[in-house]
Amino acid sequence: MAAVSDRLPAFPWDKLEPYKKTAAAHADGIVDLSVGTPVDPVPELIRRALIEAADSPGYPTVWGTVALRDAITGWVRGRLGASTAEHRNVLPVVGSKELVAWLPTQLGLGAGDKVAYPRLAYPTYEVGARLCGAEAVVYDDPTELDPAGVKLLWLNSPSNPTGKVLAKEELVRIVAWAREHGILLFSDECYLELGWEAEPVSVLHDDVCGGWYEGIVAVHSLSKRSNLAGYRAAFVAGDADVLGELLEIRKHGGMMTPAPVQAATVAALGDDTHVEEQRERYAARRAALRTALEGHGFRVEHSEASLYLWVTRDEPCWDTVAHLAGLGILVAPGDFYGEAGARFVRVAFTATDERVEAAVKRLG
């Protein structure tokens, strides 16, 4: 057992515990802006769909119901601009983190293979590489990588942690480069519906990939857009051959989305009203926190999309974490996401309105 766990970095969130205790000691309680977990209610129509499907005594299928595949393909065509997507181009997964962590293993990668991801990135890309024994490689511009040995290329737009968005022209260039070199490209687009100062575009958009999906797959989640982090509802879409292989592997592994969650996903993807309502909540919290942080001496960089503000006071990130913990505010240190984040912190705006208001007052 230790041989596998020894491949992995220390779990970063454990390092925050002393600062969490400090923040929790504040007279008015902690304002936790670190993890970015949704706190608003699950929309009623989604809960109703879950309840109505609760009597599900049989095993679900890994590929999902026809209704689920219809819902996913319809959303991919309408929202992502992937006009030729069919059932063979989609696959439900048990939360996007599970997919990210185990994808290199399920692709058969190992020693001698390289998995590339942004220099500032969600830590699970590296974890996935380490789990299968592949080499983790970071980049600033993926087209400047030596393509030799690179078997899997991760994009992340909008970015976690920075909120940076890749323009359509950049995506076109990167997709062409990956295809030229026979590199499988997975694009983590879980924050695509949370653009604020930019309009995120999917790699599956007809204008980006030319209406064909060879060599590219997009990853999407309902955790943020629909407050379904607790449901573990997500899916991938793109190259039918890649998804077909993953489907076969996942059938053997029993990686099935529970039937009630499948029904809830159908309801969530069929309704845009709750998404817009949640966007409005986040927009208000984002504006309030941004103003307060800038007034407190922070500089905001990127942050044009996603659920985070990427901020700095031009000091080591742990000094900033300690300073804010003293005010009862907990944030994520930038070095969780790579050495390039060592002078930044990530501030989530997923807390309740009341807690955000408390943070604003303390920063003022």
Side-chain angles (χ1 to χ4, degrees), residues 32 35-80 85-87 89-102 124 160 188-194 202 218-237 243 246-247 250-251 253-282 285 306-307 348-355:
D32 192 342
V35 177
T37 188
V39 297
D40 298 303
V42 173
E44 174 63 28
L45 86 161
I46 300 175
R47 284 184 280 164
R48 188 164 58 246
L50 184 85
I51 292 168
E52 290 174 354
D55 186 15
S56 298
Y59 291 110
T61 65
V62 172
W63 202 18
T65 62
V66 172
L68 177 59
R69 282 178 267 139
D70 281 343
I72 296 174
T73 54
W75 187 86
V76 167
R77 291 173 187 166
R79 183 62 184 85
L80 302 186
E86 301 175 356
H87 280 203
N89 300 115
V90 301
L91 177 66
V93 295
V94 192
S96 57
K97 183 170 185 176
E98 171 265 310
L99 183 280
V100 173
W102 292 107
T124 312
N160 174 16
D188 181 347
E189 302 174 353
C190 289
Y191 296 92
L192 183 132
E193 294 196 279
L194 294 164
S202 173
V219 181
H220 283 271
S221 167
L222 281 75
S223 294
K224 307 301 193 292
R225 73 184 293 279
S226 300
N227 299 333
L228 296 188
Y231 284 46
R232 311 313 300 136
F235 60 89
V236 289
L243 298 193
L246 290 177
L247 174 60
R250 295 170 71 83
K251 284 195 295 187
M255 296 177 171
M256 302 171 284
T257 303
V261 174
Q262 292 190 30
T265 301
V266 172
L269 292 176
D271 178 73
D272 292 330
T273 301
H274 77 276
V275 179
E276 287 304 314
E277 290 173 350
Q278 190 60 44
R279 274 182 56 87
E280 291 174 5
R281 295 186 190 104
Y282 285 142
R285 294 167 186 166
S306 83
L307 286 178
F349 42 87
T350 54
T352 63
D353 292 342
E354 183 273 331
R355 287 290 82 189

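Heavy-atom minimum distance, Asp32 versus Ala351: O-CB, 4.3 Å. Taking each heavy atom of Pro92 and Thr257 in turn, the nearest pair found is CB-OG1, 4.0 Å. Across all non-hydrogen atoms, the minimal contact from Arg279 to Leu194 is NH1-CA, 3.6 Å. In this structure, Ala237 and Val76 approach most closely via the heavy-atom pair CB-CG2, 4.0 Å. What you find for Ala263 and Ala49 is that their closest heavy atoms are O-CB, 3.8 Å. Counting all heavy atoms, side chain and backbone alike, Ala229 lies closest to Ser223 at CA-OG, 3.4 Å.
In this structure, Trp63 contributes its side chain and Val90 its backbone to a donor-acceptor pair below 3.5 Å. Checking side-chain atoms of Arg69 against main-chain N and O of Gly64 turns up a donor-acceptor pair under 3.5 Å. Listed for the Ser226 side chain is no donor-acceptor partner under 3.5 Å among the backbone atoms of Leu228.
Glu86 has its side chain out of reach of Thr73: every pair of non-hydrogen atoms, C-beta onward, lies at least 4.5 Å apart. You'll find the side chain of Leu50 reaches within 4.5 Å of the side chain of Pro260, heavy atoms only. Two residues are said to be in side-chain contact when any heavy atoms from C-beta on lie closer than 4.5 Å; Thr61 and Lys251 fail this criterion. Side-chain contact between Leu99 and Val236: present, with at least one pair of heavy atoms (C-beta onward) separated by less than 4.5 Å. You'll find the side chain of Leu222 reaches within 4.5 Å of the side chain of Phe235, heavy atoms only.
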One pair to check against side-chain contact (heavy atoms from CB on, under 4.5 Å): Ser96 and Asp188. What are the steps and the verdict? CA-CA 9 Å; Ser96 57; Asp188 181 347; 5.9 Å; no
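Atom OG1 of residue Thr350 and atom CG of residue Asn227 lie 10.0 Å apart, to the nearest 0.5 angstrom. Here the CG atom belonging to Leu91 is positioned 6.0 Å from the CG atom belonging to Leu243, to the nearest 0.5 angstrom. Residue Arg285 holds its CZ atom at 12.5 Å from CZ of Arg355, rounded to the nearest 0.5 Å. Distance check: Arg232 CZ to Lys97 NZ gives 8.5 Å after rounding to the nearest 0.5 Å. Taken to the nearest 0.5 Å, the OG1 atom of Thr265 stands 6.0 Å off from the CG atom of Leu68. Between atom OG of residue Ser306 and atom NZ of residue Lys224 there is a gap of 10.0 Å, rounded to the nearest 0.5 Å.
Just one residue in the list Glu193, His220, Gln278 forms a side chain to side chain donor-acceptor pair (under 3.5 Å) with Arg225, and that residue is Glu193.
With respect to Arg250 and Glu98, a salt bridge is recorded, a charged nitrogen being found less than 4.0 Å from a carboxylate O.
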